[in-house]
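The sequence lines fix the lettering, A, B, ..., with proteins before strands; numbering per chain opens at 1. These numbers come from the heavy atoms of this one structure, side chains and all, not from hydrogens, waters or symmetry mates.
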Number of protein chains: 2
Amino acid sequence: MTQLDTHGMLRGAGLRVTEPRRAVIEALEGLPHASADAVHARVAQTLPDVSLQTVYNVLHDLTGRGLARSIEPGDHPARYELRVGDNHHHLVCTHCGAIADVDCVVGQAPCLTPDDDHGYAVAEAEVTFWGLCGDCKHAVAAPSPVSIHL
Amino acid sequence: MTQLDTHGMLRGAGLRVTEPRRAVIEALEGLPHASADAVHARVAQTLPDVSLQTVYNVLHDLTGRGLARSIEPGDHPARYELRVGDNHHHLVCTHCGAIADVDCVVGQAPCLTPDDDHGYAVAEAEVTFWGLCGDCKHAVAAPSPVSIHL
DNA sequence: TCCTTCTTTTGAATACTTCAAATGACGACT
DNA sequence: AGTCGTCATTTGAAGTATTCAAAAGAAGGA
């Protein structure tokens with residue numbers, strides 16, 4: 001099990017060390033690609049009084065300081081992950097919103113560049129693969145007779 | 001100016017031909033990458049009684065029948081475009097949300113196919129380039145003294 | 001022209017996220 | 001160890017983009 005130095009992470013980023021913040025980081029470690037709501041539920045297991053608003057605040061602080069990254073897939077709620085700095089992309093399930101990491105086999109940062117930047121100062125290339133995850137693949141393709149009558 | 005056969009487009013897709021629908025298609029022709037709100041404003045110039053709800057309905061119908069495509073960039077409102085069927089990507093301004101088309105990307109092909117699909121049935125690879133558009137590049141980098149005191 | 005079905009309207013509701021003011025706690029400094 | 005200023009958290013509400021639902025209206029095949 002990777003030992004997280006939550007204290008060092010926070011202090012190194014210039015943030016005060018508090019229980020809610022440590023708990024959010026640990027939640028993200030256990031739940032990669034978790035939504036704010038999922039993080040809140042996980043944090044509540046050990047710190048029942050931490051509000052959802054605080055989770056949003058913390059996630060905002062973490063992403064602002066580069067300790068976390070937010071993923072905003074289309075119409076699904078935002079997800080958060082601790083993997084920052086490495087160049088990886090995501091597989092997103094169009095049905096349930098589940099996310100899996102895809103490592104960029106070509107290695108270094110933006111593996112793609114536009115042929116015409118239209119005057120934009122391009123900072124990042126984001127690749128999202130849309131599809132059905134293992135569970136939804138079966139659920140959607142072959143719904144049980146019961147589920148039809150919902 | 002390209003003459004749009006709105007009647008043929010709608011009938012060909014199995015949709016009834018109505019003024020609001022023709023107006024939405026024409027709005028998208030004049031405003032590529034427009035938001036629902038922007039489409040509504042444009043439509044209202046000729047058909048003031050068309051509601052925003054109707055615009056949402058029409059956009060939903062058009063995307064459902066493959067006549068239009070929706071782009072959902074992070075936390076910006078959804079945008080719509082008539083360009084469908086060709087494989088192109090987008091440049092999105094992180095500051096104002098402006099969108100420009102990118103016809104093709106140069107770089108390593110492996111990035112457009114996941115090395116490990118994690119059991120997903122991948123349907124599409126979407127590439128989004130994030131950056132600052134021409135206007136925002138200057139506005140953000142060198143704000144005028146006046147704007148600082150807002 | 002009639003009639004069925006699809007569209008549009010109106011009004012409200014939802015989900016996710018952010019804003020704001022007051023209370024509370026971290027930690028730099030003494 | 002104690003003080004104090006600044007930053008965090010809580011509480012409660014507001015906001016934005018979008019969707020739901022029921023009733024009235026229009027398209028177009030027979």
Earlier contact from the 5' end, DNA chain C, for B:D75 and B:L52 = B:L52
Quick one: A:R22 CZ to D:dA8 P, roughly how many Å, whole number?
-> 15 Å
Could you check how far NE2 of B:H40 sits from C1' of C:dT9, rounded to whole Å?
-> 11 Å
Assign each of A:R79 and B:V55 the nucleotide of DNA chain C bearing its closest heavy atom; nearer the 5' end lies the nucleotide of B:V55
C:dC26 phosphate, OP1 or OP2: any side-chain N/O from A:R21 under 4.0 angstrom?
-> no
With no hydrogens and no angle check, is any side-chain donor or acceptor of A:H118 less than 3.5 Å from a backbone partner on B:D101?
-> yes
May I ask you to verify whether the side chain of A:E72 and the base of C:dC16 hold a donor-acceptor pair under 3.5 Å?
-> no
For nucleotides 23-30 of chain D, 5' to 3', base contacts (B), sugar-phosphate-only contacts (S) and non-contacts (-) with protein non-hydrogen atoms under 4.0 Å give ---BBSS-
Rounded distance in Å - CD (A:Q53) to P (D:dA14) = 15 Å
Kindly say if A:S51 contacts the phosphate of D:dT10, meaning a side-chain N or O under 4.0 Å from OP1 or OP2.
-> yes
For the pair made of CG in A:L10 and C1' in D:dT9, what is the distance, rounded to whole Å?
-> 15 Å
Can you tell me the distance, in whole Å, between the CG atom of A:D37 and the P atom of C:dT18?
-> 14 Å
Hey, are A:D103 and A:R83 close enough for a salt bridge, meaning a charged N less than 4.0 Å from a carboxylate O?
-> yes
For the pair made of NE2 in B:H60 and C1' in D:dT18, what is the distance, rounded to whole Å?
-> 11 Å
Is there a side-chain polar atom (N or O) of A:Y56 under 4.0 Å from OP1 or OP2 of C:dT18?
-> no
Mind listing the side-chain donor-acceptor pairs of residues 60-68 of chain A below 3.5 Å, one per line with the distance, residues two or more places apart or on another chain?
from: A:D61; atom 1: OD2; to: A:R21; atom 2: NH2; distance (Å): 3.0
from: A:T63; atom 1: OG1; to: A:L59; atom 2: O; distance (Å): 3.0
from: A:T63; atom 1: OG1; to: A:H60; atom 2: O; distance (Å): 3.0
from: A:R65; atom 1: NH1; to: A:A13; atom 2: O; distance (Å): 2.9

